[in-house]
Asker: 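One structure is given below, represented as structure tokens, and several questions about it will come after.
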2 protein chains.
Amino acid sequence: MVSEKDSKETAEKKIIAAAREVFLEKGYDGARMQEIADRAGINKALLHYYFRSKEKLFMGIFVEVISILIPRMKEAMSGPVSLKRVIEIFVDSYHEIMLENPNLPAFVVGEIHRQPELVVEMMKQKGFDINMLKFFINQQVQMGHIRPVDPVQFMVSLVGMSLFPFIGKPIIKGIMLDGDDAKMLEFLTERKEFIVEFVLKGLDYAE
Amino acid sequence: MVSEKDSKETAEKKIIAAAREVFLEKGYDGARMQEIADRAGINKALLHYYFRSKEKLFMGIFVEVISILIPRMKEAMSGPVSLKRVIEIFVDSYHEIMLENPNLPAFVVGEIHRQPELVVEMMKQKGFDINMLKFFINQQVQMGHIRPVDPVQFMVSLVGMSLFPFIGKPIIKGIMLDGDDAKMLEFLTERKEFIVEFVLKGLDYAE
DNA sequence: TGTATATTTGACCACCTGGTTAAACAAAAT
DNA sequence: ATTTTGTTTAACCAGGTGGTCAAATATACA
């Protein structure tokens, strides 16, 4: 009973790990069941034994990825602290996630484009919600800590600034930084501080 | 001779138009030669008559897209005008391009991820170069118009803020704006002014 | 006109794709 | 020990894929 469960779990987990790799690398259309099986070190038929179809396997992976992402975004929006701290946490969170999963941004962008409604529905279902942040920003405005701004404009700016370095990494490195890895690393290191300062100034934040 | 050229050009152009549509919509892996032929209203074999392979056809489209994009980005970086005006032109350019080609951002992101070196090489070859803007920003710093900033950090911020609304449109609309089209339109309309003001403040720009 | 040349097509092909199945194998349960 | 249950595999399949080709059609040329 024990060893049975064990082997099932390891096999299933090997599949999930491999599928995650391949789907994140190649996207749904570019991914091949055979390659997933190969990377998992198992027979292709076993994929269909555990997950009925490519679609089902993909959805499993996608749900998992979203489920990991959402809590970390919520976490950044929840602490009842200073605006500066909220922004810092937000930026740090994004950088950490993206450094750990280099293929994530392109993957998510691709899925948003492929099945927008589904992604939105899933994010909603997983409890992604920006009302708390909206409230927080409006409060900061009322207290006179920052100038009057649309919280959505602010948020889109923050996310855009945080995400784009990873989405456009090859362009930034290849064209703006002479293809120099060291420069890119330096750029990313400085990026966090830059964003925080830039955004706070953009909001007329008075410390 | 004349009509021959005409029919060839119209057939070729119908193919290019259809291929552009399909590739931008579905990406390289998701695109099907049959669908391109159908949308062009021609036989699939004719695709291979004009363009030898899917790869070749795709590259043609991709070069074309990049070739349209680059000049408009250079244009924004060239005018010897005020920083504010440069940013305005930049933001306007991006918005115009993205409104005209809704599938462009996801497509480009996908290609950057699929063949980073190739995209970089192609952009370089097409004359994409940020040295002028770097110089301009450094000049502005020296003249005391803005605080000292890394031009690359600035530029990535500007592009990120401009692009992200289009990349993440379904999320913004679906989750942040209650799926309300009118709100989304309003958001995009206000976006341009917001970015200009936000960025200028972020740079400590003194008018 | 007839002939050469370019364009367009239907039929076809080899290969790859996701997916199935029956049988072998391993492990628990009795 | 043997049956029962769950796991893993090799072999296979139908449909789709990019790509080809010879024939048909249109066009330019003499």
Side-chain angles (χ1 to χ4, degrees), chain A residues 1-64 107 110-111 114-115 118, chain B residues 1-64 107 110-111 114-115 118:
Chain A
M1 190 71 161
V2 178
S3 57
E4 176 200 310
K5 231 182 194 173
D6 274 4
S7 81
K8 175 166 186 178
E9 271 180 19
T10 54
E12 201 170 335
K13 272 175 184 159
K14 275 193 292 179
I15 292 176
I16 290 176
R20 208 186 132 127
E21 261 186 48
V22 175
F23 279 130
L24 282 184
E25 236 171 72
K26 313 264 180 92
Y28 181 82
D29 290 322
R32 296 287 169 258
M33 294 297 266
Q34 187 58 61
E35 187 177 357
I36 295 174
D38 290 347
R39 288 208 207 179
I42 51 118
N43 189 285
K44 189 179 60 134
L46 204 59
L47 287 186
H48 292 88
Y49 177 77
Y50 283 104
F51 306 85
R52 258 179 261 273
S53 65
K54 184 184 185 183
E55 181 74 28
K56 292 265 195 353
L57 176 55
F58 177 82
M59 284 308 294
I61 301 297
F62 190 62
V63 168
E64 195 206 53
F107 175 76
E111 280 313 299
R114 215 169 58 93
Q115 340 198 23
L118 189 127
Chain B
M1 191 72 162
V2 178
S3 57
E4 177 200 306
K5 231 181 193 173
D6 275 5
S7 80
K8 176 167 184 177
E9 271 179 22
T10 55
E12 201 170 334
K13 271 174 185 159
K14 275 193 292 180
I15 293 176
I16 290 175
R20 208 187 131 126
E21 261 186 47
V22 176
F23 279 130
L24 281 179
E25 236 170 72
K26 315 266 181 91
Y28 181 82
D29 290 322
R32 296 288 168 257
M33 294 298 265
Q34 188 58 59
E35 186 176 358
I36 294 174
D38 290 346
R39 288 209 207 179
I42 51 119
N43 189 285
K44 189 179 60 138
L46 204 59
L47 286 185
H48 291 87
Y49 177 77
Y50 283 104
F51 306 84
R52 259 180 263 273
S53 65
K54 184 184 184 183
E55 182 74 29
K56 292 265 195 353
L57 175 55
F58 177 82
M59 284 309 293
I61 300 298
F62 189 62
V63 169
E64 195 206 55
F107 175 75
E111 281 313 300
R114 215 169 57 93
Q115 339 198 23
L118 190 127

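In what follows, chains carry the letters A, B, and so on, assigned in the order in which the sequence lines appear, proteins first and then strands, with residues in each chain numbered from 1.
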Asker: For C:dA6 and B:Y49 - does any side-chain N or O of the residue sit under 4.0 Å from the phosphate oxygens OP1/OP2?
Answerer: no
Asker: Supply the atom-to-atom distance B:D29 CG to A:K26 NZ, rounded to the nearest 0.5 angstrom.
Answerer: 9.0 Å
Asker: Nearest to the A:A45 side chain among D:dT8, C:dG10, C:dT20, which nucleotide is it?
Answerer: C:dT20
Asker: Within this structure, what is the CZ-to-P distance between B:F51 and D:dG19, rounded to whole angstrom?
Answerer: 13 Å
Asker: Please state how far atom CD1 in A:I15 lies from atom P in D:dT7, giving the value in whole angstrom units.
Answerer: 11 Å
Asker: Starting at CD of B:E12, measure out to CG of B:L46 and round the result to the nearest 0.5 Å.
Answerer: 9.5 Å
Asker: For B:I42, which contact category applies under a 4.0 Å heavy-atom criterion: base, sugar-phosphate, or nothing?
Answerer: sugar-phosphate
Asker: Write down the distance between CG (A:L47) and C1' (C:dT20), rounded to a whole number of angstrom.
Answerer: 13 Å
Asker: Find out whether the Lys NZ or Arg CZ of A:R114 is both under 6.0 angstrom from the six-membered ring centre of A:F58 and within 45° of the ring's axis.
Answerer: yes
Asker: Quick one: pull up CE in B:M33 and CG in B:D38 and give me the separation to the nearest 0.5 Å.
Answerer: 12.0 Å
Asker: Is B:N43 near enough to C:dT8 that one of its side-chain N or O atoms lies under 4.0 angstrom from OP1 or OP2?
Answerer: no
Asker: Quickly work out the A:L46 CG to D:dA11 C1' distance and round it to whole Å.
Answerer: 16 Å
Asker: Name all residues meeting the side chain to side chain donor-acceptor pair (under 3.5 Å) criterion together with B:E25; count only those two or more places apart in sequence or in a different chain, and write none if there are none.
Answerer: B:R39
Asker: Which whole-number value in Å describes the distance from B:F58 CZ to D:dG19 C1'?
Answerer: 19 Å
Asker: What pairs of nitrogen or oxygen atoms, one from the protein and one from nucleotides 12-19 of chain C, lie under 3.5 Å apart?
Answerer:
unit_1: C:dT17; atom_1: OP1; unit_2: A:R32; atom_2: NE; d: 2.8
unit_1: C:dG18; atom_1: OP1; unit_2: A:A31; atom_2: O; d: 3.4
unit_1: C:dG18; atom_1: OP1; unit_2: A:K54; atom_2: NZ; d: 3.2
unit_1: C:dG18; atom_1: OP2; unit_2: A:M33; atom_2: N; d: 3.2
unit_1: C:dG18; atom_1: N7; unit_2: A:K44; atom_2: NZ; d: 3.0
unit_1: C:dG19; atom_1: OP2; unit_2: A:H48; atom_2: NE2; d: 3.3
unit_1: C:dG19; atom_1: OP2; unit_2: A:K54; atom_2: N; d: 2.6
unit_1: C:dG19; atom_1: N7; unit_2: A:K44; atom_2: NZ; d: 2.8
unit_1: C:dG19; atom_1: O6; unit_2: A:K44; atom_2: NZ; d: 2.6

Asker: Residues two or more places apart in sequence or in another chain: which of them pass side chain to side chain donor-acceptor pair (under 3.5 Å) with B:K44?
Answerer: none
